[in-house]
Engineer: 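Can you read through this structure? Questions will come right after.
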Amino acid sequence: MKRLTDFFKKLITFCTNHFSIFRVNVVRVYRRLFKDQHQLTSKTYTDRYPLLFGEASKALMGAERKLKLLSFGCSTGEECFSLRKYFPHARIVGADINSLNLAIAKRKNTDPGISFIFSIPENLLKDAPYDAIFCLSVLCRWEDTKDLQNCEAIYPFSKFSKTAKDLAAMVRKGGLLVVYNSNFRFEDTTAFTDFEIVDAPLSDSGFVHKFDARNIRLLTEHTNCIYRKIA
Ligand SMILES: C[S@@+](CC[C@H](N)C(=O)[O-])C[C@H]1O[C@@H](n2cnc3c(N)ncnc32)[C@H](O)[C@@H]1O
């Protein structure tokens, strides 16, 4: 049964990624099948967030030990390969819930300091704590939430805050949690009490629309995306 489900997941992912005519028709089925997933699409590319990567590397400058980074929602690996340029000596772990993406990432990888894991708590915890966790274009449902005034039915705050809390617990004290293009603000979660905002000259926290903890669309600007663990 599991093999059959995996096969259908892979088939749907492939069709959704490659044939635009399939996209609209499979979204509803896809949503049900992937209820434990955050962002459903796998769009990624090389050096997608140069300012963010640069600011994160500045914020970790001076750390004495070899850094350990997690790219949560690494898709086909480009984020991990790009991070290498900014963190030449770090150990980089890429995690994704889509096994087809992971297979592609593993096939492309030639860097012994980069590894890829399936995103389940046991695997993520094996390498914790991390000096930085990058969670970029993952904690959202884009474009499904784009025109909504209330996103509860599609992507509730509780789903975001549970994962944000789990990830926050895996950040080393003094380390970073980087959240970009999310549907919610990390500041609205209870986990934020252990963090402070890193004052980085970035102008936004992504194009994905933000909602408050009651799932109501926010019209105010939000620019924070790098958070340092202080407790
Ligand atoms: C739009 S891609 C973002 C890729 C990359 N972070 C970037 O910004 O270029 C979103 C990725 O998040 C992954 N994802 C969704 N839910 C996840 C989860 N619970 N654990 C790990 N990855 C997840 C998806 O499979 C997909 O590959």
Side-chain angles (χ1 to χ4, degrees), residues 6 9-18 23 26-27 30-53 56 69-86 92-109 114-128 130 132-146 154-156 158-170 176-184 202 204-209 225-226:
D6 279 350
K9 278 185 179 180
K10 282 180 188 167
L11 184 68
I12 290 168
T13 304
F14 182 82
C15 292
T16 309
N17 286 342
H18 291 87
R23 210 161 285 152
V26 300
V27 157
Y30 197 100
R31 223 182 255 153
R32 278 203 197 130
L33 251 181
F34 293 84
K35 65 177 173 9
D36 294 331
Q37 195 164 334
H38 296 277
Q39 176 61 350
L40 299 179
T41 62
S42 300
K43 181 177 173 175
T44 190
Y45 50 89
T46 301
D47 214 8
R48 189 172 181 186
Y49 315 95
L51 292 178
L52 202 51
F53 294 152
L69 315 178
L70 172 67
S71 160
F72 180 79
C74 64
S75 189
T76 48
E78 282 74 2
E79 190 167 294
C80 298
F81 307 137
S82 304
L83 281 166
R84 170 58 75 224
K85 193 170 97 186
Y86 299 86
I92 301 170
V93 179
D96 206 281
I97 204 165
N98 179 322
S99 42
L100 185 62
N101 285 346
L102 284 176
I104 295 170
K106 283 180 186 167
R107 209 165 48 227
K108 285 188 202 154
N109 187 23
I114 298 180
S115 54
F116 293 98
I117 56 170
F118 187 66
S119 178
I120 47 171
E122 304 89 279
N123 292 346
L124 295 167
L125 281 165
K126 259 185 217 154
D127 283 300
Y130 300 93
I133 298 183
F134 294 87
C135 200
L136 317 177
S137 302
V138 178
L139 299 181
C140 63
R141 281 291 177 89
W142 179 262
E143 296 180 1
D144 299 357
T145 53
K146 190 174 153 197
I154 302 284
Y155 188 66
S158 53
K159 190 173 171 72
F160 166 84
S161 66
K162 158 117 189 37
T163 300
K165 189 174 162 213
D166 292 346
L167 292 175
M170 288 189 275
L176 307 177
L177 180 64
V178 186
V179 184
Y180 191 81
N181 266 339
S182 60
N183 270 137
F184 299 98
L202 294 160
D204 67 350
S205 62
F207 57 79
V208 169
H209 297 144
C225 47
I226 305 182

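Ligands are counted one by one from 1 in listed order, and the atoms in each one are counted from 1 as well. Side-chain atoms are counted along with the backbone in the values below, which use heavy atoms only and exclude waters and symmetry mates.
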Engineer: Run the numbers for me: atoms of ligand 1, each under 4.0 Å from some heavy atom of F72, listed by number.
Structural biologist: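 Once the distances to F72 are compared, the set is 18 (C), 19 (N), 20 (N), 21 (C).
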Engineer: If you measure from atom 7 (C) of ligand 1 to every heavy atom of R48, Q39, R141, K159, which option wins on shortest distance?
Structural biologist: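 Minimum heavy-atom distance to atom 7 (C) of ligand 1 goes to R48.
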Engineer: At under 4.0 Å between heavy atoms, which part of F134 makes contact with ligand 1: side chain, backbone, both or neither?
Structural biologist: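 The answer is neither; F134 stays 4.0 Å or more away.
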Engineer: Name the closest protein heavy atom to atom 4 (C) of ligand 1, giving the residue it belongs to and the distance to 0.1 Å.
Structural biologist: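 The closest one turns out to be G73 O, 3.3 Å.
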Engineer: Kindly confirm or rule out an N or O of C74 lying under 3.5 angstrom from an N or O of ligand 1.
Structural biologist: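 No: no nitrogen or oxygen of C74 is under 3.5 Å from one in ligand 1.
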Engineer: Is there a side-chain contact between F184 and L139, using heavy atoms and a 4.5 Å cut-off?
Structural biologist: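 The answer is no; the side chains never approach within 4.5 Å.
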Engineer: Under 4.0 Å, counting heavy atoms only: does W142 come that close to any atom of ligand 1?
Structural biologist: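 No, that is not the case, since the closest heavy atom of the residue is not under 4.0 Å from the ligand.
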Engineer: What are the atoms of ligand 1, with element, lying closer than 4.0 Å to any heavy atom of K43?
Structural biologist: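 Answer, ordered by atom number: 1 (C), 2 (S), 3 (C), 4 (C), 9 (O).
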Engineer: Out of the candidates L177, I92, D127, L124, only one should pair with L70 under the side-chain contact (heavy atoms from CB on, under 4.5 Å) rule; please name it.
Structural biologist: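 For L70, the side-chain contact (heavy atoms from CB on, under 4.5 Å) check succeeds only for L124.
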Engineer: Which atoms from ligand 1 have a heavy atom of H38 less than 4.0 Å away?
Structural biologist: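 Every atom of ligand 1 under 4.0 Å from some heavy atom of H38: 15 (C), 16 (N), 19 (N).
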Engineer: If you take all heavy atoms of H38 and K159, which pair is closest and at what distance?
Structural biologist: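 The answer is CE1-O, 3.7 Å.
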Engineer: Within a distance under 4.0 Å of any heavy atom of S137, pick out the atoms of ligand 1 and give their elements.
Structural biologist: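 Counting atoms of ligand 1 from 1, those under 4.0 Å from S137 are 1 (C), 2 (S), 3 (C), 8 (O), 10 (C).
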Engineer: List every atom of ligand 1 that sits less than 4.0 Å from any heavy atom of N98, numbering the atoms from 1 in the order shown and giving each element.
Structural biologist: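 Ligand 1 atoms under the 4.0 Å threshold to N98: 25 (O).
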Engineer: Ligand 1 and D96, any nitrogen or oxygen pair closer than 3.5 angstrom?
Structural biologist: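 There is such a contact, yes.
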Engineer: Who passes salt bridge (Lys or Arg N to Asp or Glu O under 4.0 Å) against K162, sequence neighbours left out?
Structural biologist: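 By the salt bridge (Lys or Arg N to Asp or Glu O under 4.0 Å) rule, K162 matches D166.
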Engineer: Counting heavy atoms only, which part of S119 comes closer than 4.0 Å to ligand 1: side chain, backbone, both or neither?
Structural biologist: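 Answer for S119: side chain.
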Engineer: May I ask you to identify, for E79, whether its side chain, its backbone, both or neither come under 4.0 Å of ligand 1 on a heavy-atom basis?
Structural biologist: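 The side chain, only.
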Engineer: Just heavy atoms, cut-off under 4.0 Å: does I97 contact ligand 1 by side chain, backbone, both, or neither?
Structural biologist: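 For I97, backbone and side-chain atoms both sit under 4.0 Å from ligand 1.
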Engineer: Does the side chain of D144 come within less than 4.5 Å of Y155's, by heavy atoms?
Structural biologist: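 Not in contact.
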Engineer: Going by the angle between their ring planes, with limits at 30° and 60°, are F53 and F134 parallel, tilted or perpendicular?
Structural biologist: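 If you compare the ring of F53 with that of F134, the planes turn out perpendicular.
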Engineer: Have S137 and Y49 got a donor and an acceptor in their side chains that come within less than 3.5 Å?
Structural biologist: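 Y49 and S137 do have a side-chain donor-acceptor pair below 3.5 Å.
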Engineer: Which of the numbered atoms in ligand 1 are below 4.0 angstrom from a heavy atom of S75?
Structural biologist: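 Per the distance check, 4 (C), 27 (O).
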Engineer: For atom 9 (O) of ligand 1, what's the nearest protein heavy atom and its distance?
Structural biologist: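 Residue, atom and distance for the closest contact: T44 OG1, 2.6 Å.
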Engineer: Do any N/O atoms on V138 end up under 3.5 angstrom from N/O atoms on ligand 1?
Structural biologist: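 So ligand 1 has no N or O lying under 3.5 Å from an N or O of V138.
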Engineer: For T41 and ligand 1, does the shortest N/O to N/O distance drop below 3.5 Å?
Structural biologist: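 By distance alone, the answer is no.
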